[in-house]
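To keep things clear, I will list the structure first and then write my remarks on it.
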Amino acid sequence: MGLIMPLTILEFFRELTPFDFRILSVIEVLMARHEIVPTEEIAAYLHYTEKKVQKALNRLLNYKLIFLAQRHYQGAALTFSGYDALALKALVEKGTIDQIGPEVGAGKESDIRLAVDDEGNEFIVKTHRLGKLDFRATKRARAFIAEKSHTSPLYESRLSAEREFKALSELFKAGVSVPNPIAQNRHVVAMHIIIGQDLYRIKKNEFQSDEEILTLFNNIILEMQKAVKQGYIHGDLSEYNIRLNEENYPVFFDWPQYIETESEQAERILTRDLSNILNYFKKKFQMTVKTNLSELLLKYFDNWEFQSVL
Ligand SMILES: Nc1ncnc2c1ncn2[C@@H]1O[C@H](COP(=O)(O)OP(=O)(O)OP(=O)(O)O)[C@@H](O)[C@H]1O
Ligand SMILES: [Mg+2]
């Protein structure tokens, strides 16, 4: 990738003790029941004095792994960094991650880092971050983990990672061109690097001929068809979520918002994906498409069956 630097495990991570992690995971467990976990309950859970717990909480607060809130009781909740620490630790213990390095990309709802395993293999770690945590915690249900609450950023982020991992696993197994998933924990997904370039960065003159452009278009449609055959519609397909690998073959990434083909919205979302692709080819390469969108949809995806392309 050309971006390899001395990889360091996240700075705070190295300084955390098993006791710090114990407190973090107790807060996580108790967040299934509380938005803000009462200090008293953490102490009771661990059979520690409140004073000892308070001291530990202050330490975690310094690292911004938790925030403290005063309500009718005093309590604590995980921040995204605290949730990161738990997920990364689990992946380190599982042997997935050895070192984690610099950010190599950032989406609107995630950050993407380079990581290596203990054999030196590089891969991508995508941390999902949906919504913003409210440190003042004055609003209701902000950091609740277990409840299927749409106002809970940690929960939403975990759900997003789970959905992405599921889609990648099934699609990769079926031979669809997606990054090979490695592991998932909480809101973090590890996957292979797609060596190449995001489609939106490609310049027109990087293509030798119209035929090459047509081949790329056909390959994109083919991969959409293969995904649909597995029951998956990407749902956010565009030049921003496709990379071209070293063979200039398209790889589809960023899957958490996928829609199942059985969904009521399937046709609408598939039409939108297809239209994004057509618009890109029109704008970038002045490609002309004679038939209209609904005819193309019928042509390519009739009865969700494979149809020959162009
Ligand atoms: N497996 C991968 N290999 C190489 N680069 C990747 C990989 N996954 C993501 N990236 C890079 O990171 C960027 C962001 O990834 P992704 O689209 O998955 O994040 P996101 O937060 O969901 O994005 P957004 O919400 O902005 O669409 C991509 O544009 C791409 O350049
Ligand atoms: Mg994206």
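Scope of the values below: all heavy atoms of this structure, side chains included, with no hydrogens, waters or symmetry mates. Just so you know, ligand 1 is whichever comes first in the structure, and atom 1 is the first atom listed for that ligand.
Under the 6.0 Å distance and 45° angle rule, Lys204 does not count as a cation-pi partner of Phe285. A cation-pi geometry, defined here as NZ or CZ lying under 6.0 Å from the six-membered ring centre and within 45° of its normal, does not hold between Lys284 and Tyr280. A cation-pi arrangement is not found for Lys166 relative to Tyr258, the charged atom failing to lie both closer than 6.0 Å to the ring centre and inside a 45° cone about the ring normal.
Thr79 places no side-chain N or O within 3.5 Å of a backbone atom of Phe67 that could act as its donor or acceptor partner.
Inter-residue side-chain proximity for Leu65 and Leu78 is flagged as unmet; no heavy-atom pair is nearer than 4.5 Å. With a 4.5 Å cut-off on side-chain heavy atoms, Leu199 and Ile220 count as touching.
When heavy-atom distances to ligand 1 are checked against a 4.0 Å cut-off, Lys108 comes that close through both its backbone and its side chain. Of the heavy atoms in Arg243, only side-chain atoms (C-beta onward) come closer than 4.0 Å to ligand 1. Both the backbone and the side chain of Ile194 come within 4.0 Å of ligand 1, judged by heavy-atom distances. Counting heavy atoms closer than 4.0 Å to ligand 1, residue Asn241 contributes side-chain atoms (C-beta onward) but none from N, CA, C or O.
Under the 4.0 angstrom criterion for non-hydrogen atoms, His192 is in contact with ligand 1.
Taking 2.8 Å as the criterion, Asn241 counts as a coordinating residue of the Mg ion (ligand 2), since one of its N, O or S atoms falls below it.
Listed by number with element, the atoms of ligand 1 under 4.0 angstrom from any heavy atom of Ser110 are 19 (O), 20 (P), 21 (O). Of all atoms in ligand 1, listed by their number and element, those nearer than 4.0 Å to a heavy atom of Met191 are 1 (N). Listed by number with element, the atoms of ligand 1 under 4.0 Å from a non-hydrogen atom of Glu109 are 21 (O), 25 (O). Numbered from 1 in the order shown, with element, the atoms of ligand 1 that lie under 4.0 Å from a heavy atom of Ile124 read 1 (N), 2 (C), 3 (N).
Minimum-distance N/O/S atom of Asp254 relative to the Mg ion (ligand 2): OD2.
Salt-bridge formation is not detected for the pair Arg201/Glu239: no Lys NZ or Arg NE/NH1/NH2 atom is positioned less than 4.0 Å from an Asp or Glu carboxylate oxygen. A salt bridge does not link Glu170 with Lys173: none of the charged nitrogens is closer than 4.0 Å to a carboxylate oxygen.
Backbone and side-chain nitrogen or oxygen atoms of Asp198 are examined, and one is located within less than 3.5 angstrom of a nitrogen or oxygen of ligand 1.
His128 and Ser160 share a donor-acceptor pair across their side chains, judged by distance under 3.5 Å alone.
Ranked by closest heavy atom to atom 12 (O) of ligand 1, the top entry among Asn180, Val125, Ile112 is Ile112.
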